[in-house]
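The residues of the chain are indexed from 1 along the displayed sequence. Fair warning: this is a prediction, and the values are worked out from it, not measured in the lab.
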Amino acid sequence: MGKQMTEMLKGTLEGIVLALLASQPAYGYEITARLRERGFSDIAEGTVYALLVRIEQRGYVDVEKVPSEKGPPRKVYSLNAQGRGYLDEFWTTWGFLADRIAELHHRTEPKRDDDAQHEGED
């Protein structure tokens with residue numbers, strides 16, 4: 001993953017993880033695996049665990065310790081009402097930013113020859 005992608009993910013990973021938890025509670029390794037299944041293959045487990053500590057401290061998730069077949073109990077995270085509110089705000093903000101960025105990209109994108117040929121045909 002490039003430096004630019006890493007920097008952009010820093011600001012959005014919390015919302016992405018909360019979105020995963022909105023669909024189903026999970027423990028740390030499961031969350032990392034789900035991220036990787038969705039193309040976020042370079043995210044380190046340590047990054048996810050640090051983020052889970054942060055969202056737990058902020059009160060966005062409820063945590064249940066579940067016995068594990070191997071080793072100590074697992075902490076299973078589930079999105080709570082406060083986390084749902086934060087996630088709703090995240091999606092609103094994301095939609096606003098995505099729209100503005102797409103508009104900016106469309107306006108500043110250089111015209112290709114085939115675009116110029118079809119201009120005015122609408």
Side-chain angles (χ1 to χ4, degrees):
M1 188 175 335
K3 182 172 173 49
Q4 191 174 50
M5 175 70 85
T6 301
E7 290 300 314
M8 287 185 179
L9 271 174
K10 280 182 186 178
T12 57
L13 191 56
E14 189 171 276
I16 293 166
V17 168
L18 291 174
L20 291 175
L21 292 174
S23 65
Q24 183 180 2
Y27 59 93
Y29 181 78
E30 283 180 315
I31 294 167
T32 303
R34 290 183 196 168
L35 287 167
R36 289 181 177 157
E37 287 170 6
R38 287 166 174 79
F40 299 103
S41 56
D42 291 339
I43 293 176
E45 271 185 72
T47 301
V48 173
Y49 284 104
L51 185 141
L52 289 171
V53 168
R54 221 171 27 252
I55 64 174
E56 181 180 359
Q57 289 172 343
R58 291 180 181 164
Y60 298 154
V61 292
D62 293 328
V63 179
E64 180 184 355
K65 289 192 178 184
V66 176
S68 171
E69 296 168 6
K70 306 172 190 171
R74 292 181 172 149
K75 290 175 86 173
V76 175
Y77 299 86
S78 57
L79 194 65
N80 61 25
Q82 186 175 341
R84 169 61 65 190
Y86 181 85
L87 181 59
D88 290 345
E89 185 180 329
F90 171 82
W91 286 130
T92 300
T93 303
W94 178 260
F96 173 83
L97 289 173
D99 289 348
R100 296 309 160 292
I101 291 168
E103 182 181 313
L104 182 61
H105 181 233
H106 179 72
R107 287 184 181 188
T108 60
E109 191 173 32
K111 291 207 181 271
R112 298 183 313 244
D113 288 338
D114 60 333
D115 289 342
Q117 289 173 358
H118 297 292
E119 200 170 279
E121 291 181 8
D122 294 333

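Between L87 atom CG and L79 atom CG the span is 6.0 Å, to the nearest 0.5 Å. For the atom pair OG1 of T12 and CZ of F40, the computed distance is 7.0 Å after rounding to the nearest 0.5 Å. Atoms CG and CD1, from L21 and I31 in turn, are 4.5 Å apart once rounded to the nearest 0.5 Å. For the atom pair CD1 (I101) and CZ (F96), the distance works out to 10.0 Å, reported to the nearest 0.5 Å. Here the CD atom belonging to E14 is positioned 10.0 Å from the CG atom belonging to L52, to the nearest 0.5 angstrom. With rounding to the nearest 0.5 angstrom, the CD1 atom of I16 is 14.5 Å from the CZ atom of R34.
Taking each heavy atom of A44 and R36 in turn, the nearest pair found is CA-NH2, 4.3 Å. Across A19 and W91, no two heavy atoms sit closer than the pair CB-CZ2, 3.6 Å. Considering every non-hydrogen atom in both E30 and P25, the closest pair reads OE1-O, 4.4 Å.
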| task | Please lay out, stage by stage, how D42 and M5 fare under the test side chain to side chain contact (heavy atoms under 4.5 Å, CB included). | result | CA-CA 10 Å; D42 291 339; M5 175 70 85; over 6 Å; no
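Distance alone, capped at 3.5 Å, places no donor-acceptor pair between the E64 side chain and the S78 backbone.
Heavy-atom contacts from other residues, nucleotides or ligands closer than 6.0 Å to CD of E7 number more than 12. Other residues, nucleotides and ligands contribute only 12 or fewer heavy atoms inside 6.0 Å of the CD atom of E89.
With sequence neighbours left out, the ring-ring contact (aromatic ring centres under 6.0 Å, His included) criterion links Y86 to Y60. With sequence neighbours excluded, the residues forming a salt bridge (charged side-chain N to carboxylate O under 4.0 Å, His left out) with E56 are K75, listed by chain and number.
Cluster membership check: L18 does not share its hydrophobic cluster with M8, using side-chain heavy-atom separations under 4.5 Å among Ile, Leu, Val, Met, Phe, Trp and Tyr. Connection of V66 to Y77 is established within a shared hydrophobic cluster, with ILVMFWY side chains joined at heavy-atom distances below 4.5 Å, either directly or through further cluster members. Cluster annotation: L35 is not connected to V53 through the hydrophobic network of ILVMFWY side chains, with a link wherever side-chain heavy atoms come within less than 4.5 Å.
Comment: R100 does not engage E103 in a salt bridge, judged by the lack of any side-chain N to carboxylate O separation of less than 4.0 angstrom.
Under the side-chain contact (heavy atoms from CB on, under 4.5 Å) test applied with I43, the options L9, L51, T32 reduce to a single match, L9.
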